Student: 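For reference, the structure I am asking about is given below.
These values consider heavy atoms only, across backbone and side chains, with no hydrogens, waters or symmetry-generated copies. Order of the sequence lines sets the chain letters (A, B, ...), proteins ahead of strands, with each chain counted from 1. Quick caveat: nothing in here was measured; it's all calculated off a predicted structure.
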2 protein chains.
Amino acid sequence: MATSSKATSSKAASIKAASIKAASIKESALSKGARSRARVIAAAANLLQRRGYNGTGISEILKASATPKGSLYFHFPGGKEELTIAALKESGTDFGDKLRLLITPETSPGHALQIASGALAQELVSSGFEKGCPLATVTLEAAAASESIRQTCEEQFRGWHELIEAMLVARGLPATDADEFAVTALSSLEGAMLLCRAYRSTEPLEKVGKQLRRMAEHLLASHDVNERRA
Amino acid sequence: MATSSKATSSKAASIKAASIKAASIKESALSKGARSRARVIAAAANLLQRRGYNGTGISEILKASATPKGSLYFHFPGGKEELTIAALKESGTDFGDKLRLLITPETSPGHALQIASGALAQELVSSGFEKGCPLATVTLEAAAASESIRQTCEEQFRGWHELIEAMLVARGLPATDADEFAVTALSSLEGAMLLCRAYRSTEPLEKVGKQLRRMAEHLLASHDVNERRA
DNA sequence: AAGAAAATATAACGACCGGTCCATTACTGT
DNA sequence: ACAGTAATGGACCGGTCGTTATATTTTCTT
């Protein structure tokens, strides 16, 4: 696996999406190339989440997305590494979007974290404990071998981290406390997903979700007490 | 990879370890076969921790342990899967032993957890962020594909879990609370090791270690208060 | 309608994978 | 010393890996 990342993906095709006769009623407004590109990325993201980097073969991705080999290397000249990076970015933003939906002014941070735990457990169960964190397996496998993959994983993790942190800051928690708690929350959710797959049980996620809710509530409450006192 | 685990390892060679002329001064008291068996397991454990299951080739393990292929399949008729299980068990008990050393009547649970975080961070740094949890990568890769590997990972994780839980119960914490906190502690340490590898920084482990110490102290303190009140 | 570019399709490549086989060598109990 | 087994040393297998090369078809521009 190359450590350099000079490969440039061809995304030129998608810039002029809505042309004159783009009034095709049901079909997506993307060009054919962009569509098969998206199809391959989706298949890669799914398989990477289930079987990891080394456990997912190029041919498997192509079969799952009904795409011939030649097309892959047209859309992703950088090969497996470039495709993986694109898939990780998609998985990362998808997960971030779902997380964002949970964070509303009406929902307390503790509650949001517990809901998130439940949603993660739900996805584990409905996939036969195959779909855990979309980044974790690839991170552990490839972070040491490919610097560009490692950087991508870091970016996505940091995005999630910041979402949790911002949710706490919005409640008036000092940035330092919010950051430290956010790292712990993210870590324990990641670790819990790992244990759930090892145990084939959602028990770790449930217990961690409960703990996180209690911790968040306690943290915000004691902060408020200090504020009032000052 | 076979899901069945009918393979039986040949450990017949090691039962008669100390023979008459076992007075060989420096050499280990193990038979030659047992020694190369241990060598292969150690090399496999090391490589599995660094590169995972799919990322570690049989030939790589053999080269690292200076062992020919024929020997492997003599000692481990079950092939890669059986060798992996043996390596995971060794890694798991090694880690458990280190953890046990940290747990003394003089050390508070919170302090022990923070020390453990520091030790994990130290190993990450000294291995160039290659050596994280010896089970995590293999769990995520192979738990879904091989039931026997999954079971081995579960056993080892549960062993660590029980160590943490027992440490808390020894301080008078109710079993339910101790169990829930132990899962959270183990989860957050596992997740923190993952984030450390993604970030190439020990920062997550340090913050989680700090949080765990505070949480453990708060948990034990509030329990003591309740006890006194009752 | 013609030409260029984008995209697809297939075949084949060399390297390496985990595993099998078997002849040979080292050890051990009698 | 000798028999019998434990253990080693490699050659070799079919299969799959990621990648490359090239011919063809589709799509867009003019």
Student: Could you state the NZ-C1' distance from K63(B) to dG9(D), rounded to the nearest angstrom?
Tutor: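 About 17 Å, once rounded to whole Å.
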Student: Between the protein and nucleotides 13-15 of chain C, list every N/O to N/O distance that falls short of 3.5 Å.
Tutor:
none

Student: Tell me: CZ of R35(B) to P of dA7(D), nearest whole Å?
Tutor: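 Atom-to-atom, R35(B) to dA7(D), this comes out as 11 Å.
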Student: What is the distance, rounded to the nearest whole Å, between atom CG of N54(B) and atom C1' of dC17(C)?
Tutor: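 For the pair N54(B) CG and dC17(C) C1', the rounded distance is 11 Å.
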Student: Looking at dG18(C), I'd like to know if its phosphate oxygens (OP1 or OP2) sit under 4.0 Å from a side-chain N or O belonging to K80(B).
Tutor: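 So the side chain of K80(B) is within the cut-off, an N or O lying under 4.0 Å from OP1 or OP2 of dG18(C).
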Student: Any side-chain N or O of H75(B) below 4.0 angstrom from OP1/OP2 of dT8(D)?
Tutor: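 Yes, H75(B) has a side-chain N/O under 4.0 Å of OP1/OP2 on dT8(D).
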Student: Taking only residues two or more places apart in sequence, or in another chain, which ones meet K80(B) in a side chain to side chain contact (heavy atoms under 4.5 Å, CB included)?
Tutor: Y53(B), I58(B), T84(B)
Student: From the options R197(A), R50(A), R200(A), select the one residue that forms a salt bridge (Lys or Arg N to Asp or Glu O under 4.0 Å) with E130(A).
Tutor: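 Testing E130(A) for a salt bridge (Lys or Arg N to Asp or Glu O under 4.0 Å) against R197(A), R50(A), R200(A) leaves exactly one candidate, R50(A).
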Student: Whole angstroms only, please: what is the CZ-P distance between F74(B) and dG10(D)?
Tutor: 18 Å
Student: Between I58(A) and G70(A), which has a closest nucleotide on DNA chain D that is more 5'?
Tutor: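 Its nearest nucleotide being more 5', the pick is I58(A).
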Student: Would you say dA9(C) has OP1 or OP2 under 4.0 Å from some side-chain N or O of S71(A)?
Tutor: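 For S71(A), the contact criterion (side-chain N or O under 4.0 Å from OP1 or OP2 of dA9(C)) is not met.
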Student: Could you give all pairs that pass the ring-ring contact (aromatic ring centres under 6.0 Å, His included) test and reach residues 116-152 of chain B, with sequence neighbours left out?
Tutor: none
Student: Is a side-chain donor-acceptor pair under 3.5 Å present for E206(B) with T202(B)?
Tutor: yes
Student: Quick one: F76(B) CZ to dA6(D) C1', roughly how many Å, whole number?
Tutor: 15 Å
Student: Is the ring pair F95(A)/W160(A) parallel, tilted or perpendicular, if the boundaries are 30 and 60 degrees?
Tutor: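 Rings of F95(A) and W160(A): tilted, as their planes differ by 30° to 60°.
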Student: L72(B) has an atom CG; how far is it from atom P of dG19(C), in whole Å?
Tutor: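 Rounded to the whole Å, the gap is 9 Å.
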Student: Can you tell me how far P of dT16(D) sits from NZ of K69(A), to the nearest Å?
Tutor: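 The distance from NZ of K69(A) to P of dT16(D) comes to 11 Å, rounded to the nearest Å.
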Student: Taking the basic N atoms (NZ, or NE/NH1/NH2) and the acidic carboxylate oxygens, is any pair closer than 4.0 Å for R51(A) and E141(B)?
Tutor: no
Student: Hey, does the side chain of S59(B) come within less than 4.0 Å of dC17(C)'s phosphate (OP1/OP2), counting only N and O?
Tutor: yes
Student: Could you state the atom-to-atom distance from CD of E82(A) to P of dT20(D) in whole Å?
Tutor: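 Result: 12 Å.
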Student: Looking at dT8(C), I'd like to know if its phosphate oxygens (OP1 or OP2) sit under 4.0 Å from a side-chain N or O belonging to S36(A).
Tutor: yes
Student: Could you check whether R158(B) pairs with E162(B) (Lys NZ or Arg NE/NH1/NH2 to Asp/Glu carboxylate O, under 4.0 Å)?
Tutor: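 Result for this pair is no, no salt bridge flagged.
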